[in-house]
J.: 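Take a look at this one; I'll ask things after.
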Amino acid sequence: MGFQINWYTILLIFFVLYSLGESMNTSRSSLDILLKEYAYKSIIQTGILYNATLPSNLSGMEVSVIRLRTRSFWTMGENFSEFHLPQRILPVPFVNRVDIVYQNLGNWSSTYYSVPGYSMVTPVVGFMVYNATDTTSDNISKLNISVMDKPISIQFPQLLLPQGSNLSTVKCVRFVEDGSTELSDMALDSRVCTTHDQGHFSVVVPMPKKAKTKERLWKWLVVGFALGFAGLVLFGLIGFSVFKCVKKKRLAKMEKQADEGVSFENIWIGMSRMPSASVTRTQPVLEHNEVP
Ligand SMILES: *[C@@H]1O[C@H](CO)[C@@H](O)[C@H](O)[C@H]1NC(C)=O
Ligand SMILES: *[C@@H]1O[C@H](CO)[C@@H](O)[C@H](O)[C@H]1NC(C)=O
Ligand SMILES: *[C@@H]1O[C@H](CO)[C@@H](O)[C@H](O)[C@H]1NC(C)=O
């Protein structure tokens, strides 16, 4: 019984660790949903870009939203903040009206996004296209876009490269929804990144080698410590349950012996109780008389 309960505990520990990993995974998309909801509250009319009012626990982020007729989006394109969306972009599946939600994660960028081996030199900015034809529904769906002609361009106005960084190592990064990242070259003269899709974007430079190995060492130390600790806890739990089990069994055995009137000092021989002072003296007797 004691053993069973502890296996549940072990399973519970694994479940908690797994769901921790899972929540890290989904925190980006839940942030997107949250920001979209704040953005929606600020829409009044079509064709105007509105800044969303965010609660104080999200201060430092910037969110805005614009509702567009697909026809004017197709013929005019749209510009907002860093993004220049050219003409000839269509929502997929086709709908008559779309909402474009813009995000600038500011000093929250590295909380939600990072590229291993690189450091971000701009905040993460992004935009997403939603279906605006049925805004009464709670479940406003995200749309794909099809860029038919020129790519979307992203100009990072506050791009400050770290001193001594090699311009040719600067990369544009796109954070794909499935958690992967796409690196591409930046147009160095104009400092513009281009893309054919919606999503989140930033600019990165490679981390210096030294910092990289140092960081790796730290990572391993932390991982090692965490694993060691988890191992200790598991080991302790198993050890404890085994100990409890053995103790229980021994107790049960002793109780049984006490019930039958047998103690460690006395052995029943025939009908009389005789002290078993030494093993050699009692052994021959044992061979001729059956002990219960
Ligand atoms: C995180 O997301 C990726 C891609 O969707 C998936 O392959 C992976 O299993 C997820 N991790 C966890 C802990 O669920
Ligand atoms: C967006 O900016 C470009 C270049 O500055 C301009 O040619 C275009 O007309 C603008 N589009 C809209 C919808 O304002
Ligand atoms: C958008 O594209 C992705 C990948 O091609 C697909 O899985 C998803 O279902 C599409 N979404 C819509 C609304 O069409």
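Just follow the structure's listing: the first ligand is 1, and inside any ligand the first atom is 1.
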J.: Going by a strict under-4.0 Å cutoff (protein heavy atoms only), does atom 14 (O) of ligand 2 have a neighbour on the protein?
T.: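 For atom 14 (O) of ligand 2 the answer is yes, since some protein heavy atom falls inside 4.0 Å.
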
J.: Which pair of heavy atoms, one from T46 and one from L68, lies closest together, and at what distance?
T.: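 For T46 versus L68, the nearest heavy atoms are CG2-CA, 4.1 Å.
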
J.: Is any heavy atom of the protein nearer than 4.0 Å to atom 9 (O) of ligand 3?
T.: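 No; the ligand atom in question lacks any protein heavy-atom contact below 4.0 Å.
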
J.: Of all the atoms in ligand 3, which lie at a distance below 4.0 Å from a heavy atom belonging to K142?
T.: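 Selected atoms, number and element: 13 (C).
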
J.: Ligand 3 and N144, any nitrogen or oxygen pair closer than 3.5 angstrom?
T.: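 Yes, since at least one N or O of N144 sits under 3.5 Å from an N or O of ligand 3.
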
J.: At their closest point, which heavy atom of I152 faces which heavy atom of D197, and how far apart are they?
T.: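 That would be CD1-O, 4.2 Å.
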
J.: Considering all protein heavy atoms, does one lie under 4.0 Å from atom 5 (O) of ligand 2?
T.: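 Answer no: nothing from the protein, no heavy atom, is under 4.0 Å.
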
J.: Around atom CE of M76, are there more than 12 heavy atoms from other residues, nucleotides or ligands closer than 6.0 Å?
T.: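 Not buried by this count: 12 neighbours or fewer within 6.0 Å.
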
J.: Below 6.0 angstrom between ring centroids: does that apply to F127 and Y102?
T.: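 No, too far apart.
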
J.: Pairing donors with acceptors under 3.5 angstrom, does anything connect the side chains of S202 and T122?
T.: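 Result is yes, a qualifying pair exists.
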
J.: Check whether the side chains of Q155 and H84 place a donor and an acceptor atom closer than 3.5 Å, and report yes or no.
T.: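 No, because no side-chain N or O of Q155 sits under 3.5 Å from a partner of the opposite role on H84.
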
J.: May I ask which of N79, L68, L85 has a heavy atom nearer to atom 12 (C) of ligand 2 than the others do?
T.: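 Residue with the shortest heavy-atom distance to the ligand atom: N79.
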
J.: Going by a strict under-4.0 Å cutoff (protein heavy atoms only), does atom 2 (O) of ligand 2 have a neighbour on the protein?
T.: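 Looking at atom 2 (O) of ligand 2, one finds that a protein heavy atom does lie closer than 4.0 Å.
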
